[in-house]
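Single-structure report; data block below.
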Amino acid sequence: MKQNGVSDIGDKLYNIFESVILEEHPQVRAIKEEFIRSGALSAMMTGSGPTVFALARDASSAQHLRERVSHLADFCTITRTSNFSIARM
């Protein structure tokens, strides 16, 4: 990921549960689709749902995405990655 950056990670994300959950829960589908329409690098449902996350290029883009989906979700927050790891290699 360091070599290609966050822009390329979206193509590698996959959740097998999405095919079932997105059909049965239109609100989850609507949030994911709005993230993509609004310029997210990628959007995906976590685990078996119902949480949906999106990848943004920067803080300004993340704020824009939050504004675009806030009417669809009960809760929407912005987080960022960290260089800190609890694993020791």
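Throughout, numbering of the chain's residues begins at 1 and tracks the sequence. Computed over heavy atoms, backbone and side chain alike; hydrogens, waters and symmetry mates excluded.
- Shown here are the side-chain hydrogen bond (donor to acceptor under 3.5 Å, both in side chains) partners of E24, two or more places apart in sequence or in another chain: there are none.
- S38 is linked by a side-chain hydrogen bond (donor to acceptor under 3.5 Å, both in side chains) to E34, R68, counting only residues two or more places apart in sequence or in another chain.
- A salt bridge is defined here as a Lys NZ or Arg NE, NH1 or NH2 lying under 4.0 Å from an Asp or Glu carboxylate O, and R29 with E18 fails to meet this definition.
- Among residues two or more places apart in sequence or in another chain, the side chain to side chain contact (heavy atoms under 4.5 Å, CB included) test is passed with Q27 by I31.
- Every residue two or more places apart in sequence or in another chain that forms a side chain to side chain contact (heavy atoms under 4.5 Å, CB included) with I36 is listed here: A43.
- Nearest heavy-atom pair, L13 versus S42, reported as atom, atom and distance to 0.1 Å: CD1-OG, 3.5 Å.
- V28 and F17 fall within the same hydrophobic cluster, where Ile, Leu, Val, Met, Phe, Trp and Tyr residues are linked whenever their side-chain heavy atoms come under 4.5 Å apart, directly or through other members.
- Applying the side chain to side chain contact (heavy atoms under 4.5 Å, CB included) criterion to E67, with sequence neighbours excluded, gives Q63.
- At least one donor-acceptor pair under 3.5 Å links the side chain of N15 to the backbone N or O of G47.
- Remark: D58 engages S61 in a side-chain hydrogen bond (donor to acceptor under 3.5 Å, both in side chains) (not counting sequence neighbours).
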Evaluation steps, side chain to side chain contact (heavy atoms under 4.5 Å, CB included), between R57 and L41:
CA-CA 7 Å; R57 186 170 311 285; L41 298 173; 3.2 Å; yes
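- Taking 4.5 Å as the limit, every side-chain heavy atom of V52 sits out of range of all side-chain heavy atoms of M44.
- Annotation for F35 and L65: closest pair O-CD2, 3.7 Å, computed over non-hydrogen atoms.
- With sequence neighbours left out, T51 forms a side chain to side chain contact (heavy atoms under 4.5 Å, CB included) with T46.
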